[in-house]
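None of the values given here were measured: they were computed from a predicted structure. Chain letters run A, B, ... following the sequence lines, proteins first and then strands; every chain starts at 1.
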2 protein chains.
Amino acid sequence: MPENGQSVAVAPARLEQIERAVVDLFVRLAEVAGLPRSVGEIYGCLFICADPVPMDALMERLHLSKGAVSQGLRLLRSFGAVRTVYVPGDRRDHFTAERELRKLVSGYLQEKVVPHLRSGDERLKVIRALVAETNGGARKVLQERVAQLSRWHRRAEQIIPLLLRVLQQ
Amino acid sequence: MPENGQSVAVAPARLEQIERAVVDLFVRLAEVAGLPRSVGEIYGCLFICADPVPMDALMERLHLSKGAVSQGLRLLRSFGAVRTVYVPGDRRDHFTAERELRKLVSGYLQEKVVPHLRSGDERLKVIRALVAETNGGARKVLQERVAQLSRWHRRAEQIIPLLLRVLQQ
DNA sequence: CAGTTTGTTCATTCTGTAGTGAACAAACTG
DNA sequence: CAGTTTGTTCACTACAGAATGAACAAACTG
């Protein structure tokens, strides 16, 4: 049935197959990281490609809309997971994946967990104040619980630099 | 307007306020961990409560349906984040939060990330096989990329036990 | 400077998952 | 053992967030 308008296999079929498998892998990873599927697709594609890729190529290869690719790239750049590359003689921007694990994790943590740690800290302060104003039988238990929460929080803050140090090399 | 059927403030208002603040904190945490909001609510409530709590109390306090609480508790038990407690003279099961950070993190990793690492491993094997069958200019670059992915994977596997060791105490 | 290319924004649509609540099963109780 | 309590399951609904695509802005080109 040659009624298909798409080109079926322009480039080596095997290469496409590999690209698909890698993109698939990154889609799962995005899932775990709580990022949109399309972001995983885009990063995966950039990761495996030998050379920097322009937006329209991403749209075409991944069957994503212009908007999705534009927004996905923005997010990835905000993490420092993707860099914009200048290609002489081409008006379009090209994009490459940042492939250093430490930088990726660092960017992700900075954008997606550090803010939560901060707001958590403030919430804890509020809770501690509320407990301080309490009296009665519950007081003792509450203080114990809140102390535990504070320890958790401190641990979380300790672990981030530790993680980055381990990832350093 | 006393037309409200609900009791407005049975227990000390301050205690309710604290409970709400703690539940709120855990809702955010659930968000980060990619768990349903209701799961955060349930765990938060159990965390702050002095004594084990039965299902209907959770429904009432959190305004959640029976189904949501039942399912939430199931998930939390699967993580080892909640234990069922027998209370003499009461037919209902009661539940307590497991408050040891290491156990919590361990359970979460075991259920939510270890499986992904496994499937990732298999996917990587497939990709390596595909690359091995490739020839041509792309080969070299592909091998480099896949090697990098493999290193990432190994790092991830190393980090889990390290994390648990740090959390140990 | 008219026309084209490139990229962003945002109102709208689509989709997957969380939550509901009724039906059901199981276990108690008197 | 009829009736009650307790807890699970699952078909359905509601909703948040992802993806679309058209309108727009900006930058280039001849």
Peer 1: Can you measure Leu35(B) atom CG to dA18(C) atom P for me and round it to whole angstrom units?
Peer 2: 9 Å
Peer 1: So Asp56(A), base contact, sugar-phosphate only, or nothing? Heavy-atom distance under 4.0 Å.
Peer 2: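 The answer is nothing, as Asp56(A) stays clear of every strand by at least 4.0 Å.
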Peer 1: Does Lys140(A) pair with Glu144(A) as a salt bridge, N-O distance under 4.0 Å?
Peer 2: no
Peer 1: Taking only Lys NZ, Arg NE, NH1 and NH2, and the carboxylate oxygens of Asp or Glu, determine whether Arg151(A) and Glu157(A) approach each other closer than 4.0 Å.
Peer 2: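 Answer for the salt bridge query: no.
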Peer 1: Ring-plane angle category for Phe26(B) and Phe47(B), please: parallel below 30°, perpendicular beyond 60°, tilted otherwise.
Peer 2: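 Rings of Phe26(B) and Phe47(B): tilted, 30 to 60°.
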Peer 1: Between P on dC14(C) and CZ on Arg37(A), what's the gap in Å once rounded to a whole number?
Peer 2: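 Rounded to the whole Å, the gap is 18 Å.
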Peer 1: Just how far, in rounded Å, is P of dT4(C) from CZ of Arg92(A)?
Peer 2: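 Result: 18 Å.
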Peer 1: Indicate yes or no: at least one non-hydrogen side-chain atom of Ile42(A) is less than 4.5 angstrom from one of Val23(A).
Peer 2: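 Of all side-chain heavy-atom pairs linking Val23(A) with Ile42(A), none is under 4.5 Å.
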Peer 1: Let me know the distance between CG of Leu58(A) and P of dT8(C), rounded to the nearest Å.
Peer 2: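 Roughly 12 Å, once rounded to whole Å.
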Peer 1: Is there a donor and acceptor pair, one atom on the side chain of Lys66(B) and one on the base of dG7(D), closer than 3.5 Å?
Peer 2: yes
Peer 1: Whole angstroms only, please: what is the NE2-P distance between His94(A) and dG7(C)?
Peer 2: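 After rounding, the reported distance stands at 9 Å.
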Peer 1: Take atom CD in Glu60(A); do more than 12 heavy atoms of anything else shown fall under 6.0 Å from it?
Peer 2: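 No, because the 6.0 Å sphere around CD of Glu60(A) holds 12 heavy atoms or fewer from other groups.
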Peer 1: Please state how far atom CG in Asp90(B) lies from atom P in dC28(C), giving the value in whole angstrom units.
Peer 2: 13 Å
Peer 1: Under a 4.0 Å threshold between the charged nitrogen and the carboxylate oxygen, would Glu19(A) count as salt-bridged to Arg61(A)?
Peer 2: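 Yes, charged N to carboxylate O under 4.0 Å.
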Peer 1: Name every residue in residues 67-79 of chain A that has at least one heavy atom under 4.0 Å from any atom of DNA chain D, in order of residue number, or write none if there are no such residues.
Peer 2: Gly67(A), Ala68(A)
Peer 1: Please list all pairs passing the salt bridge (Lys or Arg N to Asp or Glu O under 4.0 Å) test where one or both residues lie in residues 29-58 of chain B, with sequence neighbours left out.
Peer 2: Arg28(B)-Glu31(B), Asp56(B)-Arg92(B)
Peer 1: Minimum heavy-atom separation for Gly44(A) and Val22(A), please, with both atom names.
Peer 2: O-CG1, 4.0 Å
Peer 1: Let me have DNA chain C in dot-bracket notation, would you? Count Watson-Crick plus G-U wobble pairs, both distances under 3.5 Å, and use [ ] for pairs crossing earlier ones and | for inter-strand partners.
Peer 2: ||||||||||||||||||||||||||||||
Peer 1: Could you check how far OH of Tyr86(B) sits from P of dC28(C), rounded to whole Å?
Peer 2: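 One finds 10 Å between P of dC28(C) and OH of Tyr86(B), rounded.
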Peer 1: Could you work out which one of dT8(C), dA18(C), dG7(D) sits closest to the side chain of Pro36(B)?
Peer 2: dA18(C)
Peer 1: Once you round it to whole Å, what is the distance between P of dT8(C) and CE of Met55(A)?
Peer 2: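 About 6 Å, once rounded to whole Å.
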Peer 1: Check the phosphate of dA19(D) against Ser65(A), side-chain N and O only, distance under 4.0 Å to OP1 or OP2. Yes or no?
Peer 2: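 Negative; the distance criterion is not met.
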Peer 1: Considering every strand and a 4.0 Å limit on heavy-atom distances, what is the contact class for Arg91(A): base, sugar-phosphate, or nothing?
Peer 2: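 The residue Arg91(A) makes base contact.
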Peer 1: For the pair Arg83(A) (side chain) and Glu98(A) (backbone), establish whether a donor and an acceptor sit closer than 3.5 Å, ignoring hydrogens and angles.
Peer 2: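 No; judged by distance alone, with no hydrogens or angles, the pair does not exist.
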